Amino acid sequence: MRSSVPFLKVYQSFASDHLTIVMGHVLRSPSRQRDRPTKNPFKNALEMYRRYQVKPLAGEKVFLKYGGETLEVITDRKGFFQFEWPTPSGVNTLEMTVALAAFPTESEYLKLEVKRPSEVVVSDIDDTILVSHSTSLARKLYLLLTKNHQSRRAFDGVKDFYDSLSEGKAGLLFFYVSSSEWNLYDFLESFVADKQLPAGVFLLQDIKSGILDLFRSGGGSHSHKKSKIDTLMKVYPEAGFTLIGDSGQQDPDIYQAVALSNPDRICKIYIRDVRKSRRSKVIQMASTLRKSGVDMVFFSE
């Protein structure tokens, strides 16, 4: 029966002249989502609950085929898989198929353009572009459970600001690196599209399963963000980086660590002021970074 076949989900992936990365999950079944958004808060809460009822499958073999080559990986304990290999020289596009070893008919075709950006923008999501109230559990859960991607609010001026980053720059790449879980991938992708923000690749936190994980959404360690930025710097070694985040959690600390290790790679850092108790610390960070030649802009809505 179809319900016994694992579900293969491949995310937007990316490639440079140096490295190609393809990622996704293998799940016991997909989460059911509505065909059209609803304003009904109870239906929105049910849909969000279903996003956190997914069951990842560990130990599943996944194949990737391109040209005459076949790569194989095994999903980790969270059902996540990632292929990473040197990009063949002299190519502009890569055509490939990702398939489950146990169910070859469960497959996805990918066509990736090899990007050669001069600059990469790395942006947080919650309380950077999406009003989330991450520092208040009650307000955060209210928005998460009752609103859909259309009714969630972006900060005023976000679209104009992100559009301005692209002015006069050809081939600028955007990556949304967030502590939101992979459960919210489709939600966040739809939110960015609905608010007419730049399309980009989403790099999120480990997928979670269960109602308790829903209540802890976006929490835990944020150290994965630094490792993901380090990976992007490895994939695009010639590119400069602009980092955008907020003061609600650990973005200033993570971005400072990245900048102090790679001062020549950082074009600018933008931090939205959302937490009064951290203002003096962030201002001090900005002063420290300025001495290293990195400009950190601290701004409010």
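Predicted, not measured: the structure shown is a model, and the values here were computed from it. Only this structure's heavy atoms are used, side chains among them; waters, hydrogens and symmetry mates stay out. Numbers for residues simply follow the sequence, beginning at 1.
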Test log, rule side-chain contact (heavy atoms from CB on, under 4.5 Å), inputs Tyr176 and Leu204: CA-CA 8 Å; Tyr176 295 97; Leu204 306 177; 6.0 Å; no

Inter-residue atom distance Ile266.CD1 - Ser292.OG, 0.5 Å rounding: 11.5 Å

SB check Lys78 Asp206 (cutoff 4.0 Å): no

Flag if over 12 foreign heavy atoms under 6.0 Å of NZ, Lys61: no

Heavy-atom closest contact (Ser107 atom, Pro104 atom, distance): CB-O, 3.8 Å

Side-chain heavy atoms of Asp17 within contact of Val114, under 4.5 Å: yes

Under 3.5 Å: donor-acceptor pair, side chain of Ser151, backbone of Lys147: no

Between Asp126 and Ser179: side-chain donor-acceptor atoms closer than 3.5 Å: no

Verdict with reasoning, Ile207 to Val54, per side-chain contact (heavy atoms from CB on, under 4.5 Å): CA-CA 9 Å; Ile207 203 165; Val54 294; 3.8 Å; yes

Sub-4.5 Å side-chain heavy-atom contact between Leu27 and Pro6: no

Whether Asp273 side chain and Phe299 backbone form a donor-acceptor pair below 3.5 Å: no

For the student: nearest non-hydrogen atoms of Gly24 and Phe80, plus distance: O-CD1, 3.2 Å

Any Phe14 side-chain heavy atom under 4.5 Å of Leu203 side chain: yes

Rounded distance (nearest 0.5 Å) linking atom CZ of Arg51 with atom OG of Ser209: 14.5 Å

Val258 side chain reached by Lys226 side chain, heavy atoms, under 4.5 Å: yes

Qualifying salt bridge (Lys or Arg N to Asp or Glu O under 4.0 Å) pairs with a residue from residues 79-96, counting only residues at least two apart or across chains: Glu84-Lys234

Contact summary for Glu181 and Tyr52, nearest pair of heavy atoms: OE1-OH, 2.6 Å

No-hydrogen, no-angle side-chain donor-acceptor test under 3.5 Å, Thr20 and Thr87: yes

Path from Leu71 to Phe63 over hydrophobic side-chain contacts below 4.5 Å: no

Donor-acceptor contact present, side-chain Thr75 to main-chain Gly59, <3.5 Å: yes

Ring geometry between Phe161 and Tyr270 (parallel below 30°, tilted from 30 to 60°, perpendicular above 60°): perpendicular

Polar contact flag, side-chain donor to acceptor under 3.5 angstrom, His149-Glu189: no

Shared hydrophobic cluster for Val201 and Ile21 (ILVMFWY, side-chain gaps under 4.5 Å): yes

Phe42 CZ: over 12 foreign heavy atoms closer than 6.0 Å: no

For Gly248 against Val274, the heavy-atom pair lying closest together: N-CG2, 3.3 Å

Residues forming a side-chain hydrogen bond (donor to acceptor under 3.5 Å, both in side chains) with Tyr11, sequence neighbours excluded: His25

Distance in Å, Asp76 CG paired with Leu57 CG, rounded so as to fall on 0.5 Å steps: 11.5 Å

Audit row: Glu119, Thr242, side-chain hydrogen bond (donor to acceptor under 3.5 Å, both in side chains) steps and yes/no: CA-CA 7 Å; Glu119 185 176 337; Thr242 293; 2.6 Å; yes

Asn183 to Lys208 - nearest heavy-atom pair and separation: ND2-O, 2.6 Å

Ala239 backbone acceptor or donor facing Arg265 side chain under 3.5 Å: yes

Shortest non-hydrogen separation from Ala15 to Tyr236 and the atoms involved: O-OH, 3.7 Å

Flag side-chain contact, heavy atom, 4.5 Å: Phe155 against Asp127: yes

side-chain hydrogen bond (donor to acceptor under 3.5 Å, both in side chains) against Lys195, all qualifying residues, sequence neighbours excluded: none

Ser178 side-chain N/O to Asp124 backbone N/O, donor-acceptor pair under 3.5 Å: no

Phe81 and Ile74, any side-chain heavy atoms less than 4.5 Å apart: no

Side-chain H-bond candidate by donor/acceptor type, Tyr185 with Ser180, under 3.5 Å: no

Donor-acceptor pair, side chain of Tyr255 and main chain of Ile244, under 3.5 angstrom: yes

Separation between NZ of Lys276 and OG of Ser247, rounded to the nearest 0.5 Å: 11.5 Å

Under 3.5 Å: donor-acceptor pair, side chain of Arg152, backbone of Val131: yes

Minimum side-chain heavy-atom gap Val297-Ile269 below 4.5 Å: no

CA sep, side-chain torsions, deciding dist, call: Arg272, Asp251, salt bridge (charged side-chain N to carboxylate O under 4.0 Å, His left out): CA-CA 10 Å; Arg272 182 183 295 281; Asp251 289 347; over 6 Å; no

Candidate pair Asn92 and Arg116, rule side-chain hydrogen bond (donor to acceptor under 3.5 Å, both in side chains), full reasoning: CA-CA 10 Å; Asn92 292 318; Arg116 304 172 177 88; 3.2 Å; yes

Reported NZ-to-CG distance for the pair Lys268 and Leu165, which is rounded to 0.5 angstrom: 9.5 Å

Backbone N/O of Leu130 and side chain of Ser132: donor-acceptor pair under 3.5 Å: yes

Note: Asp253-Arg278 ion pair, threshold 4.0 Å (strictly below): yes

Spatial distance of atom CZ (Phe83) from atom OG (Ser13) [nearest 0.5 Å]: 10.0 Å

Pairwise side-chain contact, Lys159 with Leu197, heavy-atom cut-off 4.5 Å (strictly under): yes

Phe175 and Leu232: CA distance, side-chain angles, deciding distance, side-chain contact (heavy atoms from CB on, under 4.5 Å) verdict: CA-CA 9 Å; Phe175 287 83; Leu232 292 175; 3.5 Å; yes

Working for side-chain contact (heavy atoms from CB on, under 4.5 Å), residues Val235 and His18: CA-CA 6 Å; Val235 175; His18 304 274; over 6 Å; no

